[in-house]
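These notes concern the structure reproduced below.
The structure displayed is predicted, hence computed values, not measured ones. Every chain is numbered from 1 and lettered A, B, ... according to where its sequence line falls, protein lines coming before strand lines.
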Amino acid sequence: MRKALLLVLLAVLIVVPVGAQEEGLPDFIKHTPCEVDLTGQTIPIYHLGDISASYAFITQPLLVGLTDAIAYYNARGGACGATFEQVNRDTAGDPAQSQAAYDDFSSREIKPDVLVLYASGDSELLRTQLAEDEIPVMISAGSVDGLYGENADEPGWVFASNPIYVDQFGDFCEFVAANPEMYPDPVIGYISWPGAFGEAAFQPESIAYCEAAGVDVLDTPEYFLPSATDISTNVQNLVDNGANILYTNSLASGPVIVAKTVVDLGLEDDVQVAGVNWALDTSVALLSRTAIGSDGLPAVNGLVGSLPFHWYSEPDHPGIQLVVSQFEANERQLSQRNISYLLGWALVDTYVELYAQAVNQAGSLEAVDGALMKSILETIDYYPLDLYHLNYPDGLRSTSANRMAMIRYANADMTGPATSGDDALKIDPGDGTTLFVPLLIPLEDFAPAPDLRPGQ
Amino acid sequence: MSSNIRPSGVFDTTYSDDIALNRTRGEKAVSYGIVALLLLIPLLSLEGPFGISLVPQSLVGTIIRIAILVISVQGLNILTGYTGQVSLGHAAFMAVGAYSGAYLARQFGFSFWLALPTSALFTGVIGLLFGLPSLRVKGFYLSMATLAAQFIIPWTLRYPLEHISNGSRPLDVPVPDLFGINFGADGAMYYIVIPLAMALSLAARNISRTRTGRAMISIRDNDLAAELLGINVFSYKLQAFFVSAVYAGIAGCLMAFHTNNISLEFFAPQVSIELLAMLIIGGAGFPLGPMFGVAFVILLTQNVIPALVPSLYSALPSLLPFLAPVNVFAALNPLLFGLALMIFLIVEPRGLAYRWEILKISWKIRPFSY
Amino acid sequence: MSSVKLHIDDVSLSFGGIKALQHISFDVREGEIVSVIGPNGAGKTSLINSINGFYKPQSGRILFGGRDITKLPPYKRAQLGISRTFQNIALYTNMTALDNLMAARHLHMKSNMLTGALFIGPAQREEIEHRVIVEEIIEFLEMEAIRKSIVGTLSYGLRKRVELGRALALEPELLLLDEPMAGMNQEEKEDMARFILDIHEQRRTTILLIEHDVGLVMDISNHVVALDFGQKIAEGPPAEISQNEAVIRAYLGQENG
Amino acid sequence: MSSFAQTQNPASSAAFDARRAIKWFLIAVALVVFLIWLAPYGMAQKPGRLVESAIRGVLVGGVYALVALGIVIINKASGVFNFAHGYMMLAGGLIFHAFFSVAQVALIPAFLFSAFVVFMLVTLNGWRMLRDPRRLVIGAVGTALLTGVLMLPGQDWQLIRGFVGGGLGAAALGLAVERFTIRPLIGQPLFTAVMMTLAVGEVLHGLTQMVWGSVEIPLPVFDVLKRIGLPERLSIDGADTWLDVSRIVFNLELVVAFVLAVLAFIAFVLFFRFTNVGLAMRATAENQQLAQSVGLRVRVILAVAWAIAALLAAVAGIAQGGATSLSQNLPGLAFYAFPAVLLGGLESIGGAFVGGIVVGFVQEMSRRLFPGLQVDTELAPYLVLMLVLVIRPDGLFGQKRIERI
């Protein structure tokens, strides 16, 4: 009961609730009008990914988001009358299982027209097979290899709805260079998880781009395992070598432990923690509630990162209003109110648009295939729930609009961010912790991130 | 075990009859039948005249995956099943095969047919190197020395050899090409992998029943007594490490050329433990053990459980209303696998191949039950 | 008489403070059956273990066929023709009796991993050749019926016999038998004694026998060595030893303990 | 001496001593060469940082030691290497969290939980125990008491609730694992049981997912310590001393985890030395059949070993969960504690402790000296392990195996 109360409280505080529409979609959603009626038909949304292992805290809210969004859209006509159903497969982060899941999907009687992935590793693994089988993929953020191949010269069948990790890192450098009053003499130390995801942003192109913008990046990155007990030495190594900004390409506990270590070492005032779009998430803000800084606020307060879409803390945004109203209507948990819940909604909205266009071109649902979907994705110009801009000009495979934002916590009167623990809004969830209400404050407007594929 | 029992009235008149693998006409027919069926599957999966394929197309891919792992586990069976040296580093040796094969093909333009044996031999040498501690170290301590290989080899590939392995990023492997036939499609790769798997399984069987194999089993059963019979224990342990790594190398190389894209995630420590689990489930020290084990685990995790999950997912949340459905969904995969493994281990702790032998015996001596 | 096959020269062995063998010297002549007797803890098994290289004595030398083998590892001694059985049977319990014997043909076979893997050709021919030899031994030891039984399932007496077969399959020049009749009933003992004598007669194998049952030992040996507390207390022909005061005392003392 | 023989070579002759001397001389030379090679890397660091890394390594090693201790206990009693230990850590931490973090436990869950725990404890030696009316009474009283303790309301009781509920819950979990998965395999090949622990790990993975989901759960257990007035961190100012660094800081979490490890270590040493069950456990580890034949209840001992191991796993899970959070990443820690187990010797409790410290130390030092190469977790502990095994095949403190024939 407490949780439900809390949710209501949060909702009232950050969002002006809108009455849910009974019939039809709200006006701000502008899908291509359908010329064919698909009533009675079903469109499966195929998704394979790690749902039970390391990345589960990203994928499980995605499933919840998909569930809620599909129910919402199906009740309002689906895609040209066809209803969606989700087909999920858990790969537990094992490439062999990803391969098996893909084989299962791709050998079905009706091949998927489009697939949903969440892991860079899976997109890299399946890259050539997707091209062979002509199945386009939608992924959230991705790596160069998955989108463009090993030599970064073949735009493939994978389309990312966020800028890729190197681009995000480059964009962050741009932001640092543009704000010398905040970051005098910036030196970035790269600290992350080992492996494909964690190391994805630390590439020669992004480093060269940063250096060119006047931002130093230390040669030696630091990597730590998600199960590490203490990473003080990693942080200290970077700081001793002059780093005053720590950039992390990790999620959930990753950014939290970096920020916590900075606080523990008494470096709060000297070091800025920054990260990829996954670092700028509710999960990070909530997880930090036991790691409190000297100002009485959670250690991740002030963390800067990419926010390439609109966020829950923008209550005037119609897309956000819709998602939040449905989130409450479905009584979801606070921890699920995160990035992938939001993106799950945007994804279903994208599906509606994709199929509207595809069916208009092909004439029937059966005639829609992967090649057609790919051609639509290549020329699409659409704003899913108005959260971000989906378009891929010039052979790009990821969107480029990006902006920097900062994690802050709401003050007691909900008029803005708190300056310290004293004036922050604190909620007792009854589990021995204190909840602070996270806000993501955009620091700039959307602007194109640099294109840092190798060879560009 | 079953070798001494055959239907009454069947007698071996020569020693070569006695040591033949298929001793009766029926056995021969069954063996050749299975081989023929296996070789026909890709053709059966093609779309027939009415747009229907007799077997599902994904079966070809599944069998290739199973066959590649069977090769690998056959190697593990020689080392662990016959020689008794439990290895927790087998996936790392597969990585050596995969990356050396990929390197030879990419860097020097080796054809697949040259890259395969070269990388296999190289893997064997690496295996030999990690077998050296077996001179002094025994039992679980040796397993841990092999687990060290599981960490040291991927680390070496990832950092010092980054220019070869592409570090944490994936590595493209060229598609094998033979007489102008492109082996990219599963159907064609099938005809490389399946015969190789059969030949290598037969070779492993033959090793196990001749001089080398008996020496290895002697070491497993009683290493001190083996030495007193004139068997150079250390030399045979090293041979076992070598040949086991060669098998792993072949499997790894095949895997690289089959997926055309490898990354170190394929060869995580977890995979080594899974390979060992497959061997134990199939029956360590039985020639058919690897086949049973790999097929059981792969079919369970990649076919049976995914097929069960949707129906359970629709039923369970209503039975357990206090749990979040998404949690239930995420739990199903590991839970079902763990439970299946548990039940299986309790019902048949000595492995499927052991149960198979017993079934075979009771078939041969039917209708008597003793 | 015949030449010295095995020459034990002033061998001492100790474990920490326990002196298992102290300055033991004796000879085994070619074609003899020599028995080593003594109560429990006398050092009999330690002596055998020293001869086939399982233990390394701190001092003294062991000569086999005139060659100093003191420093050779066990498997090399086996290659020279020393074979043994164990007091607590050390068979390969998961193999058939036949395979146990075939495993002992190791030294005489040549196939390697590669030819073995191919099987067809030299390996198969060799398998059959050696199978013939092994079958002779099986016939000789009258174990045709258990040829293909898993050794772990056999009775104690039969396992002892399989072990003797395995030692024979090595075609040894010197056979070390460590209490081959321990734990057997009278009938089995007699069978075993018959086998030992047959081996001795038909194959002219030199045998070093450790046995508890003094009566039996006296019947079949040419020469007897008595040990007690790691020391040699007597040596000579059976008739002489059975009268020896020290031996009798050692055994009587043992009876009480 | 005649009934069994020993492979170890007698260690008194002069020749043997000379070989030993040469061996240790070579090891010493190798060590010196290694240190000379290492020196430039060390010189590049401020002395304070090296001291800090050394201390931090020992502290981090405490967590590894806790994990290793749990694995060693089971191995000692049954020879089984427990691959499920990581998930037992997570499960223990989560059970603790369940009781620790709620304002009050409702009657029905508290009762069901207590009944299960008490049932597992009462039937330690098999279901037949239920026929004994005395035990039924003890069970009923125990259930009532435990229910009462667990229902104590409010934050004041949170630690008590957490430790009683978490501790007993973990112990019951260990008993359940032993009863339902390991016991049916008695008499089967050892590796079947090892594989069973793998299956147990998967099932625990599934169960924790099912009940708690994938959410990372912060475990504010150290906040309690702060509330009772302990400083949040210990810091040393060495700016003007030979240390040459302005601040050396150690977290409370680490120090507490280390203290926990030391306490657990002392408790188990005392347990093995002085309690009947401990002595029996040592005897069982030596020879199961022999132990059974002299009247020791091997089953009880195995069950107790699993309960203790699960308890240790829970303590490690709480320590690690407090330092970071409870998530599906936590079991990964066990993998990195494996070298600690083997380094010390599979059967040695002291060895597990020393092994843990050594692994922590090696990790922190290599992290300091070779940044960016992941030498710390993936390479260095395993290299050290390989070296130790080649020099001492049974680990630093392992029992020298006596081979019989």
Side-chain angles (χ1 to χ4, degrees), chain B residues 1-6 12 14-21 78 81-82 84 124 199-236 238-240 242-243 246-247 284-286 350 357, chain C residues 49 52-54 73-84 86 89-96 98-100 102-120 123-132 135 147-152 163 166-167 169-170 176:
Chain B
M1 160 150 314
S2 69
S3 51
N4 58 332
I5 296 185
R6 70 213 72 150
D12 298 322
T14 66
Y15 290 133
S16 66
D17 275 354
D18 190 43
I19 58 181
L21 289 180
I78 290 176
Y82 294 131
L200 288 169
S201 298
L202 192 66
R205 171 88 181 95
N206 283 338
I207 289 175
S208 79
R209 69 200 182 112
T210 51
R211 177 173 181 258
T212 313
R214 279 190 297 264
M216 286 171 174
I217 299 171
S218 318
I219 292 167
R220 176 194 70 190
D221 280 3
N222 195 328
D223 56 342
L224 297 170
E227 190 162 9
L228 299 177
L229 285 190
I231 292 166
N232 185 343
V233 171
F234 183 48
S235 152
Y236 276 98
L238 284 186
Q239 285 186 40
F242 177 80
V243 75
V246 166
Y247 272 73
F286 291 95
R350 280 164 200 275
E357 301 276 297
Chain C
N49 283 340
N52 71 7
F54 195 31
Y75 74 93
K76 290 225 167 118
R77 301 193 197 197
Q79 287 166 7
L80 291 176
I82 301 177
S83 169
R84 73 170 284 184
F86 298 87
I89 307 169
L91 284 165
Y92 310 129
T93 43
N94 295 316
M95 288 194 207
T96 61
L98 178 66
D99 278 342
N100 264 280
M102 286 295 281
R105 295 299 298 165
H106 186 85
L107 283 176
H108 302 280
M109 295 174 83
K110 278 182 217 61
S111 89
N112 55 29
M113 185 123 62
L114 216 56
T115 57
L118 283 175
F119 193 67
I120 314 258
Q124 190 181 19
R125 276 198 300 280
E126 194 181 45
E127 284 290 311
I128 292 169
E129 267 168 40
H130 288 269
R131 176 71 185 274
V132 174
E135 286 292 339
R147 191 190 276 133
K148 287 193 176 173
S149 303
I150 298 288
V151 163
E163 204 188 20
R166 189 179 66 179
L170 215 72
L176 309 173

Spacing of [atom1] belonging to [X] relative to [atom2] belonging to [Y], to within rounding of 0.5 Å:
X        : Y        : atom1 : atom2 : result
B:Arg211 : C:Met102 : CZ    : CE    : 11.5 Å
B:Leu224 : C:Asn49  : CG    : CG    : 9.5 Å
C:Asn52  : B:Glu227 : CG    : CD    : 9.5 Å

**Item:** Most contacts with chain C, counted as non-hydrogen pairs under 4.5 angstrom, among B:Ala199, B:Ala226, B:Gly285
**Value:** B:Ala226
**Message:** I need the residue from B:Val243, B:Ile217, B:Asn206 with the largest number of non-hydrogen atom pairs under 4.5 Å to chain C.
**Reply:** B:Asn206
**Check: C:Asn94 side chain, B:Asp221 main-chain N or O, donor-acceptor pair, under 3.5 Å** = no
**Asked** Side chains of C:Tyr92 and B:Leu229: closer than 4.5 Å at any heavy-atom pair?
**Response** yes
**Request:** For B:Tyr236, check ring-ring contact (aromatic ring centres under 6.0 Å, His included) against everything at least two apart and list the hits.
**Result:** C:His106
Only distances under 3.5 Å count here; give the side-chain donor-acceptor pairs of residues 109-119 of chain C to other protein atoms, sequence neighbours excluded, each with its distance to 0.1 Å.
| from | atom 1 | to | atom 2 | distance (Å) |
| --- | --- | --- | --- | --- |
| C:Asn112 | OD1 | C:Leu114 | N | 3.0 |
| C:Asn112 | OD1 | C:Thr115 | N | 2.9 |
| C:Asn112 | OD1 | C:Thr115 | OG1 | 3.2 |
| C:Thr115 | OG1 | C:Asn112 | N | 3.0 |
| C:Thr115 | OG1 | C:Asn112 | O | 3.2 |

**Prompt:** Among C:Gln79, C:Glu127, C:Arg77, which has the most heavy-atom pairs under 4.5 Å with chain B?
**Reply:** C:Glu127
**Structural part of B:Arg220 lying under 4.5 Å from a heavy atom of chain C** = side chain
**Message:** For B:Val233 and C:Tyr75: C-alpha separation, side-chain torsions, deciding distance, then whether side-chain contact (heavy atoms from CB on, under 4.5 Å) applies.
**Reply:** CA-CA 8 Å; B:Val233 171; C:Tyr75 74 93; over 6 Å; no
**Complete:** Closest heavy-atom pair, B:Ala225 versus C:Ala90, reported as atoms and distance to 0.1 Å, is CB-O, 3.5 Å
